[in-house]
Amino acid sequence: MFQDTFAAELARRIGSRVEVATDNNLIEGVLSTVTANLVLVVEIDSGYGDNNTLYLSVGAINFVRFPAAA
């Protein structure tokens with residue numbers, strides 16, 4: 001039940017910068033897509049390389065933080 005509410009709240013914030021923590025990773029990027037089971041975060045690279053896209057299971061997320069705009 002909580003997972004559905006969590007996914008719905010994340011879906012409202014698509015396009016926002018996020019920090020997503022799992023058991024062994026801290027991912028920073030832009031929240032791109034949210035489904036009931038998966039979250040897509042596009043990591044923003046400050047260099048000339050390609051941006052990485054990461055799919056995360058909603059159940060694997062420990063917390064999400066929305067940093068203040070600089």
Side-chain angles (χ1 to χ4, degrees):
M1 183 169 151
F2 174 74
Q3 186 169 325
D4 294 336
T5 304
F6 183 52
E9 180 60 30
L10 290 176
R12 285 190 39 233
R13 296 174 180 249
I14 288 175
S16 299
R17 291 190 61 86
V18 293
E19 294 176 357
V20 179
T22 63
D23 286 345
N24 53 5
N25 288 316
L26 179 65
I27 297 115
E28 298 179 51
V30 175
L31 188 59
S32 178
T33 304
V34 178
T35 67
N37 299 315
L38 292 173
V39 172
L40 172 62
V41 176
V42 178
E43 285 186 305
I44 304 300
D45 185 9
S46 60
Y48 292 102
D50 293 333
N51 294 332
N52 295 324
T53 57
L54 298 167
Y55 286 95
L56 303 165
S57 169
V58 172
I61 297 173
N62 292 335
F63 73 84
V64 175
R65 192 181 98 136
F66 298 93

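- The hydrophobic clustering, which links ILVMFWY residues whose side-chain heavy atoms are closer than 4.5 Å, places Val20 and Val42 apart.
- Following chains of ILVMFWY side-chain contacts shorter than 4.5 Å, one can reach Leu54 starting from Ile14, so the two form part of one hydrophobic cluster.
- Screening Ile27, Thr53, Val30 for a side-chain contact (heavy atoms from CB on, under 4.5 Å) involving Glu43 leaves a single residue, Ile27.
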Residues Leu40, Leu38; criterion side chain to side chain contact (heavy atoms under 4.5 Å, CB included); working and verdict
CA-CA 7 Å; Leu40 172 62; Leu38 292 173; over 6 Å; no

Intermediate values then yes/no, side chain to side chain contact (heavy atoms under 4.5 Å, CB included), Val18 and Arg13:
CA-CA 9 Å; Val18 293; Arg13 296 174 180 249; over 6 Å; no

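- Closest heavy-atom contact between Ile61 and Val39: CD1-CG2, 4.0 Å.
- Under a hydrophobic-cluster definition in which Ile, Leu, Val, Met, Phe, Trp and Tyr are linked whenever side-chain heavy atoms come within less than 4.5 Å, directly or via other members, Phe63 and Leu56 are assigned to different clusters.
- Within the structure, no pair that satisfies the side chain to side chain donor-acceptor pair (under 3.5 Å) test touches residues 28-37, not counting sequence neighbours.
- Residue Phe66 places its CZ atom among more than 12 non-hydrogen atoms of other residues, nucleotides or ligands, all under 6.0 Å distant.
- Looking at every heavy atom in both residues, Leu26 comes nearest to Glu19 through CD1-CB, 4.2 Å.
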